[in-house]
Amino acid sequence: MAQQGRTGEHEVYIEAVLSLVEGVPVGRATTYGVLAGAVGHGGPRQVGRVMAVYGSSVPWWRVVRADGSLPLSHQCEALVHYREEGTPLRGRITDAASLRVDLDAVLWMP
DNA sequence: CGTGTGACACGTA
DNA sequence: TTACGTGCCACAC
């Protein structure tokens, strides 16, 4: 449709990241670096920033750090989703500091 | 226009 | 495994 006349690369980048996150299947997960490489521009930090601002509209919990650890202030919320989706975790639930997603089993790539 | 900060990544100890 | 330093890019002040 004839709208969005301004193809701002900034918005294109945001939509690209969000689109990829929405494409992550249930029970799986990916990393900021993978998404950054998928869009072919910027870096993992830029992806993280997009998630921090616009991530509220996408399954952000399926995006974790390269080592499988969770976002600093959202691991508790992510934990709830992981339990519902049956996402395999490593470490001990009693210690969120060492809690990580088993990327070796659920890593998803676009 | 320099400095600090961040939902990051990687190497090394 | 954790801790520290460095590189990266964008944004707030």
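To find a chain, count down the sequence lines: A is the first, B the second, and so on, and within it residues start at 1.
Backbone-only contact: A:Ala66 has heavy atoms under 4.0 Å from sugar-phosphate atoms and none from a base. Among the protein residues, A:Gly33 comes within range of the sugar-phosphate backbone only, with heavy atoms under 4.0 Å from sugar or phosphate atoms but none that close to a base.
Using modelled atom types, one side-chain atom of A:Arg62 and one backbone atom of A:Val24 make a donor-acceptor pair closer than 3.5 Å. Judged by distance alone, with hydrogens and angles left aside, the side-chain atoms of A:Tyr82 form a donor-acceptor pair with the main-chain N or O of A:Trp61 at under 3.5 Å.
We find the OG1-CG distance between A:Thr30 and A:Leu35 to be 4.5 Å, quoted to the nearest 0.5 Å.
The local environment of CG in A:Asp67 is crowded, with over 12 non-hydrogen atoms from other residues, nucleotides or ligands closer than 6.0 Å.
Of all heavy-atom pairs between A:Val50 and A:Leu18, the closest is CG1-CD2, 4.4 Å. Heavy-atom minimum distance, A:Leu103 versus A:Ala66: CD1-O, 3.6 Å.
Taking atom CG on A:Leu107 and atom P on B:dA9, their separation rounds to 12 Å, with Å as the unit. One interatomic measurement links the two molecules: CG of A:Asp67 to C1' of B:dC8, which rounds to 10 Å at whole-angstrom precision. The distance from atom CG of A:Leu103 to atom C1' of B:dC8 is 14 Å, rounded to the nearest whole Å. Spacing between atom CE of A:Met51 and atom C1' of B:dC8 amounts to 13 Å, rounded to whole angstrom units.
Applying the Watson-Crick and G-U wobble criteria (two distances, each under 3.5 Å), B:dG4 pairs with C:dC11.
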Exercise. Nucleotide by nucleotide, 5' to 3', does protein get under 4.0 Å of the base (B), only the sugar-phosphate (S), or neither (-) in nucleotides 2-13 of chain C, counting heavy atoms?
Worked result: S----BBBSS--
